Every structure is written in structure tokens, then in C-alpha cells.
Chemist: 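Pasting in a structure now, in C-alpha cells, and then I'll have a few things to ask.
Note on naming: letters A, B, ... go to the chains in the order of the sequence lines (proteins, then strands), and numbering restarts at 1 for each one. Computed from a prediction, not measured in an experiment: that's the story for all the values here.
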Number of protein chains: 2
Amino acid sequence: MKKKYIFIDKSLVNKKMKRKVTLKQIAKELDVSISTVSKSLRNSLEISEDTRQKVQAFAKLYNYKPNNIALSLKNKKTKTICIIIPEIIHHFFATVISGVEHVANENGYNVLVCLSDESFDKEVINMEMLASGSIDGFIMSLSKETQQKKDFHHITEVINQGMPVVMFDRVTNEILCDKIIIDDVHAAYNATQFLIDKGLKKIALITTVDYVSVGKLRTEGYKKALKSNDIDINENLILKIEDTEDFDHYIEELLQNNDIEAIFAVNELFAVTALKIANKLGKNIPEDISIIGFTDGIISKYSTPSITTVSQNGIKMGGKAAKMLIDRLESEDEEEEQYKTEVIETELVERESTKN
Amino acid sequence: MKKKYIFIDKSLVNKKMKRKVTLKQIAKELDVSISTVSKSLRNSLEISEDTRQKVQAFAKLYNYKPNNIALSLKNKKTKTICIIIPEIIHHFFATVISGVEHVANENGYNVLVCLSDESFDKEVINMEMLASGSIDGFIMSLSKETQQKKDFHHITEVINQGMPVVMFDRVTNEILCDKIIIDDVHAAYNATQFLIDKGLKKIALITTVDYVSVGKLRTEGYKKALKSNDIDINENLILKIEDTEDFDHYIEELLQNNDIEAIFAVNELFAVTALKIANKLGKNIPEDISIIGFTDGIISKYSTPSITTVSQNGIKMGGKAAKMLIDRLESEDEEEEQYKTEVIETELVERESTKN
DNA sequence: TTTCAACACGAAAACGTTTTCGAAACACAA
DNA sequence: TTGTGTTTCGAAAACGTTTTCGTGTTGAAA
């Protein structure tokens, strides 16, 4: 008979289990007070050399580590910050988290990640839940639904409780707090100008509906660039896409019904989809149509042809956001500084989808 | 003179600041004991209808929320789980987090994200740090360095302290715990067989160095498929790539020096890079060379041509991992069940990079 | 009037720390 | 012996909860 499983004796397992040791247990074992143990471990001069060494040796032997929760309760800080983002599958948001995590870690903070799924309710629930002591501060980018509703009471509430909030990318003027953004208008302006400089005039815009702040701003930049080059704005060339819907056929229509020379898309997905549809319609990129996207993600980089984009540098944004939050946390109740809005430089990454 | 800034009076700010109210404060205000307040809020029958209502009204007015840290200390559970992954920028890991987060949230848990950056030390530090009360359990995928060193003491230690650990994707046999994996050998076998079924025989493999567990297993599957179809294994067609190095020219060599009919790549990056280099060398995909990748990521989907891949379903993996961990947390100290290893089904997603 | 429930509430312990303050013990000078 | 310091330690409060147990009050039954 073959043995198929190895059953592990429970008492044996428990023997191996060194449950976490506490100050109280050490104190009892060494027959001193809890205070003495605590002080010894923190090398207080109040305690004699002898006792200190004895305690420290014992603590090391039993691998004593102070309980973080108890410390949090005592210090009223958790050394944890929370980042709330609409979703994590987007490359941009993943890079932001990466940036946040690194800076946070360097400063001894941990990062709690919450996904709002673009839902107002989840955003509210998460914030209310966590504001009750679990974390020291928030970094967040608004969900689409929140931006549409323009209801920010959950954020004001948290701020009024004295908890710092740093907003990034999708922000709102209705909340006073630290912010990290890019100059969407300017970046879009530059991207459009870049196309115009190549001698292209019939430039289509694929953007989001207006309540998405960044979409609106980028649309603004696009229009501004056209105007300052005395190119008429043709509303037929502007496609506003509701994010939930299947948008392929809209782009197909756009490309079929207009002899477009270039496309500026406000995100990566729109850009790559336009590229694929253009291909399907027998247009060559960049010979027939030039394409510029937004967000320097993995798609643009590995697409064929690779796509010229406006790079947002999510890692930098995340890093700066974490730095701002932590600065505010650590300087707390010193002079209340004014809230700052920091603008991160964007960069046009030229690739194969635009002709030169 | 134009006003450039609006200075906000600090006392005013503080007036608006409703700092978190505690049981003690409510008790004092209503001139009852803390116990009475606590019981009232939890609708204890010990307390008279009158008092209960009074307390509840007051608590609602001042927006009382119990302090999570205090609760954690009392209950010895934090309702937080930690996921440690090598990096977040990889689409696969992002999807896993997404899966974890959703299931965790459904069950009232929060998710702490730690990035090991493929570094053994960071993995160790993070685990040791957090094991001291901050979280209830771990979900993790090993860093490359840890796999190389084969040093898992930090994980055993945590487990011995009674903290449950669930490993996924990059796991090891040296640790006894719950695991979620895919059958890498089988999936690679199928992918290779898929190519063979198309009549392709000269199939190259682009894989990682052997210490990466999944790379090794997928290599095994590839070889197995060749053998069972009586195709000789040509080591020249097997390219093992060290992850840190710049590998483009290796792939280029591989493609130039052999008249390859198909490529099986163990990850997305290798696949798309091979595709681009093949293109550059004037080969048509899939007419001249068929390509299959691994990990159903964003790159494969939006590449041109889109890439046939083995889909790992990270969301499902993450969800299952979270479920397993939470089950163990909540059933704790009931019968110690045996550790389970769950195998997630993979799926071959057929796209344009393989001919039919 | 006594007795006994039932009711309504409070005191205190517990979770694991840190820190303040007081005090015991001892040494040493006057 | 007394007074003055110094050294070394412990008690207790504090952080914010929950929960056990005790207790005082009331009303009714005996």
C-alpha cells in the first residue's frame, strides 16, 4: 500500500509554534516589571547595565518584536498610507502605485491599496472605513462616477477630521488639498502642435466625455493648438467616447467618413484601437495617418508600429505624491503650510506612429 | 493689488476640525459610563431603551466610528491581508492584485501591497516587519532572488508563528502551505502541441534561466511535447534569458541562424520582442513564423498581429488565493485542515500570431 | 416588613505598548 | 546619626475598545 498523504501530528505542529512573545511574558519570566523590560529594550539609562543585557539577551532569544498594533494605538499613527485608485489594471495606475510604494517604504510606511472600480460608492465606503484610525493619510485619484456626480463630501469629511489627502491626476478644484497633476492642456497642446508642425492639418481627436477631468482638459489643449494655428475646429473630427460602451465602430466611422491625416487620442487604448482599425481599413501608419496617444504605457511601446505618446511618468507622480503626504504627516501641527499643487513635466516620446 | 493667495485662519480651520470622537468623550458628555455607551451602541439589552436611544442619537450626531486600531488590538485581528509580489508593473501581477482586492473587500478585509522588486532582502524585511501584528496573513509570489537562493527561512518563521501564508504562481516545494498555481508543464505542453498540430516542427523556445520555477516548468512542458511527437530536441533552438540583460540580440541571433517555423515564449515580453525582431528580419507573422506567448496580458492583445497566448487568469488566481487565506483565517483553530494546492485551469487564447 | 428577581448601569480587566512619576536602596559627606 | 544624591526599578496612566462581573435600585410576592 502506497502512502498518499502524510498527516502531521497537531501537537507536534503546536510545539513548533512559537507564538509571539510580549513584554509581559518576558517580565514574568525574568521576574521584573514590564516597564523595566520596555526600558531595557530601548536602552534606557535608567536601567542597570546588568538588567539591560539580561533582558536583551532573553528578548533576542525569543525573537521579541514589538506589536505594531499596540504601538499604533499608543502613538496614534499607523505608519500606513492608503492609495485609492479607479483600477489597477491600467498601466498608468500600476506605475503610480509603484512610485508610491517605493517612497513610502523608504520612509517606513506601508501602502494599503483600494480600488474604487470607478464607483462612487466604493470610494466612499473605503474612505469612511479607513478613516477610523486604520491609516494616516490618503493618496487618491477620483473615480469617474465621483467626477460625474461632483459629490466630494467623503473627502471633505476626511480632511476635516485632520487627515491629510493628496490627490493626483484626476483631481477637482472643489477640494482644497495637496495635488499632483500634469498640465493636461499644455501637454495636449504640444502633442497637437507636434502634428501640425509635421504639416498635418486634418487632425482628429478621440477623447472621453467631458466629465472626466483629464479628458476635458486634453480636449481643451487640442482646440487651443488648432486655434493658435488658425485651423478651424471641425466638430466632426472630435469623437467623445463614453467609457462603458463598445467604441470600435465609432472610430471606424470616424476614419471612414473623413480623410484624416492624423489622430490625437487621449489615452493609450483609444490610440491603439485607432491604429488597428486604420490598419484594417488599409491605411498605413504613419504614412497615411499619424497617431499620438497619451500615457506612456506598455501598449504604445510594444505596438507595431510603436506609438508616439505623451509620457506621464506615473512613477514620478506616485513618488511625489507619497513624499508630499509623508511630509505633511511628519510636519503636522507645525505651521500649517498652504496646500501645494505640483505639476509634473510631461514628455513627448516620439516613436514610429508619427512621420517625420 | 491682486490677491494671489487666500490665507486661511488657523483657528477657523480648527473650529471646522471635528476630531474623531471616542466612547470616553461621549460617556463624559452624557454623564454615563464608557461601558454603557459601548453597550448602547451595540444594542445590548442590558441597557434601557431610553439610554440606548439617547446614546445612539448623540453618537450619530457626532459621527462616531469605532477606532479600528483599538478593535484590532482587542480582537487580535486586523482584517488586513498582505500581498507580496515581485513587481506591480507586470500586467499579470496587477490582475492578481485586482482579484485579491475584490474578494478581500467582499469579506471585509483590506489589502496591503508590498513589492519585493525581485529582491530577497526586501521580501524578508517586509515579512518580518508586518508579521508583528500588522496583518492577519500573507499572499505571496516568490522573488527571483529568493528562488535562486532557496532561502525560505522568513516564510517558515511566519508560518511557525501561526500566521497563514498562501503562495501563488512562483511557489516552492520546500514550504508547506496553501498554494495556487497553474500546471505550467501541462500548459506549455499544450501550447507546444498546438504548434505541432499545425504541422510545425522547428519550434524554438524562449525561456528564462532555470532557477525561475515557472520558466523551468514551462521548458519541461515544451520538451515533453516534442518528445511525445518524436521530434528531436535541438538545444540550439532553446534560448535561456537572464532577466537583467538586454536580450534583443540573442533573439535576433536565434532567428537568423536557424530557419525556425514557430516560437514558444514563456512570457509576454519575450513573445512580443520576438515578434518585432522577426518583423525586422522580414519574416511575416504568422505566415513565416507562428508565435505563442504566455500570460494573457495587454501586450499580446493589442500587438499587431495580436499574439496567441496561454491565459493565466490572474484575477481568478488572486480571488482564489484570497478566498483560501480568508477561509483559513476564519476557520482558525477548528480542525487544522491539510494544506491544499489548487491548480487553476489555463486556456489557450488563439489570436493572429499563429496560423491555422 | 422581608426576600428575591429583574432591571439598569458602572468598575475593571484585557489587548501590548511607552512614559511619567514616585520610591526604595544605597553611598557618601557632614 | 542625619541629610543629600544617585542609581535602579515599579506602579500606573494612557491609547480606545469590549466584556465580565458586581451592585444598587426597583417592584412585587410572601
Side-chain angles (χ1 to χ4, degrees), chain A residues 19-56 58-59 62-80 129-136 161-163, chain B residues 18-56 58-59 62-80 129-136 161-162:
Chain A
R19 216 97 196 184
K20 297 249 61 166
V21 60
T22 68
L23 288 187
K24 191 193 266 191
Q25 291 166 30
I26 299 183
K28 194 171 170 189
E29 213 67 36
L30 289 155
D31 206 40
V32 292
S33 77
I34 296 181
S35 342
T36 304
V37 178
S38 175
K39 287 171 190 164
S40 299
L41 294 176
R42 326 194 93 244
N43 271 319
S44 159
L45 295 177
E46 279 184 57
I47 307 297
S48 72
E49 185 63 23
D50 261 16
T51 339
R52 245 187 299 164
Q53 293 206 341
K54 194 175 58 179
V55 172
Q56 290 188 3
F58 192 91
Y62 282 87
N63 192 25
Y64 170 79
K65 295 267 168 49
N67 179 300
N68 288 325
I69 295 293
L71 286 180
S72 294
L73 183 59
K74 180 128 238 315
N75 302 333
K76 287 165 162 267
K77 34 180 97 161
T78 62
K79 285 282 186 175
T80 303
M129 178 81 241
L130 293 168
S132 312
S134 304
I135 59 154
D136 295 342
Q161 282 174 16
M163 181 166 291
Chain B
K18 295 195 265 178
R19 216 94 197 188
K20 297 251 60 170
V21 58
T22 68
L23 288 186
K24 191 192 263 191
Q25 290 165 30
I26 298 183
K28 193 171 174 189
E29 211 68 34
L30 277 95
D31 206 40
V32 292
S33 78
I34 296 181
S35 342
T36 305
V37 177
S38 175
K39 288 172 190 164
S40 299
L41 293 176
R42 328 195 92 240
N43 271 317
S44 160
L45 295 176
E46 278 184 62
I47 307 297
S48 71
E49 185 63 23
D50 262 17
T51 340
R52 245 187 297 163
Q53 294 205 341
K54 197 174 56 181
V55 172
Q56 290 188 3
F58 193 92
Y62 281 86
N63 191 27
Y64 170 79
K65 296 266 169 50
N67 179 301
N68 288 325
I69 296 293
L71 287 180
S72 294
L73 183 57
K74 181 128 237 313
N75 302 333
K76 288 165 161 267
K77 21 180 109 159
T78 61
K79 285 281 186 178
T80 303
M129 179 80 241
L130 293 168
S132 312
S134 303
I135 59 155
D136 295 343
Q161 281 174 15

Chemist: For A:Ile69 and D:dT17, give me the distance from atom CD1 to atom P, rounded to whole Å.
Modeler: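 In whole Å, D:dT17 P and A:Ile69 CD1 are 15 Å from each other.
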
Chemist: If you find the nucleotide of DNA chain C closest to A:Val21 and the one closest to B:Asp31, which residue's nucleotide is nearer the 5' end?
Modeler: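 Nearest-nucleotide comparison on DNA chain C picks B:Asp31.
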
Chemist: So does B:Arg42 get a side-chain nitrogen or oxygen closer than 4.0 Å to the phosphate oxygens (OP1/OP2) of D:dT17?
Modeler: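 Indeed not, no polar side-chain atom of B:Arg42 lies that close.
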
Chemist: More than 12 non-hydrogen atoms from neighbouring residues, nucleotides or ligands closer than 6.0 Å to CG on B:Asn43, yes or no?
Modeler: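 Enclosed: over 12 neighbouring heavy atoms sit under 6.0 Å from CG of B:Asn43.
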
Chemist: Can you tell me how far C1' of D:dT8 sits from CD of A:Glu49, to the nearest Å?
Modeler: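 Roughly 13 Å, once rounded to whole Å.
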
Chemist: With nearest nucleotide decided by heavy atoms, which residue, A:Ser38 or B:Lys74, maps closer to the 5′ end of DNA chain C?
Modeler: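 Mapping each residue to its closest nucleotide by heavy atoms, the 5'-most match is B:Lys74.
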
Chemist: At under 4.0 Å between heavy atoms, what does B:Ser72 touch on the DNA or RNA strands: base, sugar-phosphate, or nothing?
Modeler: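 Result for B:Ser72 = nothing.
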
Chemist: Let me see the working for B:Lys20 and A:Ser132 under side chain to side chain contact (heavy atoms under 4.5 Å, CB included), right down to the final yes or no.
Modeler: CA-CA 8 Å; B:Lys20 297 251 60 170; A:Ser132 312; 4.0 Å; yes

Chemist: Please list, for nucleotides 20-28 of chain D, all pairs of protein and nucleotide N/O atoms separated by less than 3.5 Å.
Modeler:
unit_1, atom_1, unit_2, atom_2, d
D:dT20, O4, B:Lys39, NZ, 3.2

Chemist: What integer distance in Å separates A:Ile34:CD1 from C:dT20:P?
Modeler: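 Atom CD1 in A:Ile34 sits about 17 Å away from atom P in C:dT20.
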
Chemist: Round to a whole Å and report the spacing from CG of B:Leu45 to P of D:dT18.
Modeler: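 It works out to 16 Å between those atoms.
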
Chemist: Does A:Lys65 reach a base, just sugar-phosphate, or nothing at all? Heavy atoms under 4.0 Å.
Modeler: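 Sugar-phosphate: the residue A:Lys65, judged by heavy atoms under 4.0 Å, touches backbone atoms but no base.
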
Chemist: Can you tell me how far P of D:dT8 sits from NZ of A:Lys54, to the nearest Å?
Modeler: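 Nearest whole value for this atom pair: 13 Å.
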
Chemist: Given B:Ser134, which partner from the list A:Thr78, A:Asn68, A:Thr80 fulfils the side-chain hydrogen bond (donor to acceptor under 3.5 Å, both in side chains) test?
Modeler: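 When A:Thr78, A:Asn68, A:Thr80 are each tested with B:Ser134, the side-chain hydrogen bond (donor to acceptor under 3.5 Å, both in side chains) holds only for A:Asn68.
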
Chemist: Would you say A:Val55 and A:Lys39 make side-chain contact, with heavy atoms under 4.5 Å?
Modeler: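 The answer is no, as the side chains (C-beta and beyond) never meet within the 4.5 Å cut-off.
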
Chemist: Could you check whether atom NZ of A:Lys77 has more than 12 heavy atoms from other residues, nucleotides or ligands sitting under 6.0 Å from it?
Modeler: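 Check fails, neighbour count at 12 or below.
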
Chemist: Quickly work out the A:Lys20 NZ to C:dG16 C1' distance and round it to whole Å.
Modeler: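 Distance check: A:Lys20 NZ to C:dG16 C1' gives 12 Å.
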
Chemist: Sub-3.5 Å donor-acceptor pair from the side chain of B:Asn67 to the main-chain atoms of B:Ile69, do we have one?
Modeler: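 It does hold such a pair.
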
Chemist: For the pair made of CG in B:Asn68 and C1' in D:dC15, what is the distance, rounded to whole Å?
Modeler: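 Atom-to-atom, B:Asn68 to D:dC15, this comes out as 14 Å.
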
Chemist: Which nucleotide wins on minimum distance to the side chain of B:Thr51, given the candidates D:dC9, C:dC9, C:dT17?
Modeler: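 It is C:dC9.
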
Chemist: Between D:dT19, D:dC15, C:dT18, spot the one nearest the side chain of A:Leu73, thanks.
Modeler: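 The answer is D:dC15.
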
Chemist: Any side-chain N or O of B:Lys24 less than 4.0 Å from the OP1 or OP2 oxygen of D:dC15?
Modeler: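 Yes, B:Lys24 has a side-chain N/O under 4.0 Å of OP1/OP2 on D:dC15.
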
Chemist: I want to check something: taking the side chain as every heavy atom from C-beta on, are B:Thr22 and B:Gln25 in contact at a cut-off of under 4.5 Å?
Modeler: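 Heavy-atom side-chain distance check passes, below 4.5 Å.
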
Chemist: Does the side chain of B:Asn63 come within less than 4.5 Å of A:Gln161's, by heavy atoms?
Modeler: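 The answer is yes, as the side chains (C-beta and beyond) meet within the 4.5 Å cut-off.
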
Chemist: Would you mind reading off the distance between A:Asn67 atom CG and C:dC15 atom P, rounded to a whole angstrom?
Modeler: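 After rounding, the reported distance stands at 12 Å.
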
Chemist: Is there a side-chain polar atom (N or O) of B:Thr36 under 4.0 Å from OP1 or OP2 of C:dA8?
Modeler: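 Indeed not, no polar side-chain atom of B:Thr36 lies that close.
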
Chemist: At 4.0 Å (heavy atoms only), tell me whether A:Leu23 reaches a base, stays on the sugar-phosphate, or touches nothing.
Modeler: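 Counting heavy atoms under 4.0 Å across all strands, the contact made by A:Leu23 includes a base.
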
